[in-house]
Amino acid sequence: MGCTSYKILAPVTFGAGATAETGNVCVSLGSKKVLVVTEKALVNLGLVKKVTDSLEKAGLEYQIFDECVQDTPDYVVEAGGKAAKAMGADTIVGVGGGSSLDTAKAVSVLVGSGMTIEELLIPGPPKDNPKLITVMVPTTSGTGSESTQIGVVNDTTRKCKTGVGCIPSAAIVDPELTVGLPRSITVYTGLDAFSHAIEVLCSGGMDNPHSDALAYDAIERIIKWLPVAVEDINNLEARENLAIASNFAGVAFADAIVNLGHGMAHAMGTLFHIPHGVACAWSTPVVLEFMAPVCGEKYRRVAHTMGIDTTGKTGEECAKLCAAWQREFMKKLGVPDAQSYNLTKEDFVSCTDYMMNVEVMTMLGKRVPTREEVVALLEDAYEGCKSI
Ligand SMILES: [Fe+2]
């Protein structure tokens, strides 16, 4: 093994009831005025109150911005920035799923750096921008955004997704916030985290022993506990394991960036508004098959976890068996198929330009596809999910 390095970004406070620590964490970081960036549904469910109760108890001034919606549109980020400036916020606390956390990150950078929204969306390599104090409180177990250095923002003018660099100051991962999450969201977010871990293992040159260990652990927990959480949405032990898995996969891809599957998923999200976790679930089997010749051995252990007999099999064969297993997993979990969204094979193939020309992640795996290979991958993805 050659020289390697790995990052540990934001400190994480983990455990059932950890939300009550939000105020103390903010105070320890020097917060005075907090803008809570979240979505209306979470206010109505009472989840945001758990956060604001903690802020109040710690003597912090706060306001709530609850306009976050799916896919983190730039105009919501801009509105959040105005709200933060108007109250003189020094801290952003993001509460929600991936879209809300990414909105919170982008708002924090927008205000902390003094950039305009146009400047914020200029594509470039991710870097840690100046920001306000940024605390992430995820309410789903999927995105891992609380522990990654990027928030993905939807540029509604150029119709593409842009990564805004923002390393959170701290994260609060409280599995209690995910108890009772509807079955469909549990599946989508769980398979998003699963795709992160699978893609970490085939990340081009950025994987390392730390990211591998976290990815394997995340995969094991998801395989064991996602079906349990889907069966019983109130099972706290399952929620704890999925919260750890999601966070570990996020920490892992802070180094070993997600790649081909997310190139495909972002194309489908941008062009057809397919929920991110569904698009990730569709893309994972083709990632495993495409990467099989170059890093199949890494998937031998995943195959073991899946209960596959790998005796006498090559690594490449193991990866392909993992792909077949994942397609069955999707079926068991009730992932919607392409037909449910009225998508045709041509629609899938129409993602080629976006994957080749816009989404740099497509090219960040251990094996880089040609245009012809991207077309073939999209056709294979369609065949695998046209009717589940
Ligand atoms: Fe993802």
Side-chain angles (χ1 to χ4, degrees), residues 9 70-72 94 96-106 126 136 138-154 160-164 166 168 171 173 178 181 184-203 206-207 211 214-215 218-219 221-222 226 242-243 245-288 291 326 329-330 333 335 351 354-355 358-362 364-365 381 385:
L9 300 175
Q70 194 184 326
D71 283 340
T72 318
S99 297
S100 296
L101 297 190
D102 284 355
T103 304
K105 284 180 171 178
M136 303 273 103
T139 60
T140 61
S141 297
T143 166
S145 183
E146 72 278 4
S147 286
T148 69
Q149 66 273 59
I150 291 183
V152 179
V153 177
N154 189 3
C160 63
K161 294 190 186 248
T162 300
V164 174
C166 174
V173 180
T178 67
L181 201 66
S184 58
I185 300 175
T186 304
V187 171
Y188 303 169
T189 51
L191 291 179
D192 181 24
F194 191 74
S195 72
H196 295 159
I198 291 289
E199 289 177 48
V200 160
L201 295 174
C202 62
S203 188
M206 292 173 282
D207 51 332
S211 61
L214 293 169
I219 288 167
R221 288 180 197 271
I222 292 166
L226 183 55
L242 293 176
S246 165
N247 183 257
F248 279 9
V251 174
F253 86 75
D255 277 324
I257 189 77
V258 291
N259 43 84
L260 178 58
H262 273 64
M264 193 179 282
H266 285 167
M268 291 177 180
T270 304
L271 301 179
F272 301 112
H273 302 288
I274 304 302
H276 180 67
V278 173
C280 287
W282 292 348
S283 66
T284 297
V286 295
V287 169
L288 285 160
M291 297 296 175
Q326 202 270 358
F329 197 42
M330 272 200 280
L333 294 171
V335 174
C351 293
Y354 189 96
M355 286 181 67
V358 183
E359 183 48 87
V360 66
M361 281 181 180
T362 306
L364 297 181
C385 71

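Side chains included, hydrogens not; waters and symmetry mates left out as well; all remaining heavy atoms used. Source: prediction; values computed, not measured. Ligands are counted one by one from 1 in listed order, and the atoms in each one are counted from 1 as well.
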Does a donor on one side chain sit under 3.5 Å from an acceptor on the other, for Lys105 and Thr72?
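Checked: Lys105/Thr72 side chains show no N/O donor-acceptor pair below 3.5 Å.
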Practice prompt. Please identify each residue that fulfils side chain to side chain donor-acceptor pair (under 3.5 Å) with Asn247, with sequence neighbours left out.
Written response: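 So Asn247 forms a side chain to side chain donor-acceptor pair (under 3.5 Å) with Glu146, Ser147.
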*asked:* Applying salt bridge (charged side-chain N to carboxylate O under 4.0 Å, His left out) as the test, list every pair that has at least one member in residues 250-267; sequence neighbours left out.
replied: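 Listed once each, the pairs are Lys7-Asp255.
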Check: Has the side chain of Ser246 got a donor or acceptor atom that lies under 3.5 Å from a matching backbone atom of Leu242?
Finding: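 Checked: no pair found.
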Does Ser99 use its side chain to pair, donor to acceptor, with the backbone of Gln70 at less than 3.5 Å?
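No, because the side chain of Ser99 does not come within donor-acceptor range (under 3.5 Å) of the backbone of Gln70.
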Count, excluding waters, the protein N, O or S atoms that are closer to the Fe ion (ligand 1) than 2.8 Å.
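N, O or S atoms of the protein closer than 2.8 Å: 4.
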Could you pull out every donor-acceptor pair under 3.5 Å between side chains of residues 272-279 and any protein atom, sequence neighbours left out?
from	atom 1	to	atom 2	distance (Å)
His276	NE2	Asp192	OD1	3.0
His276	NE2	His262	NE2	3.1

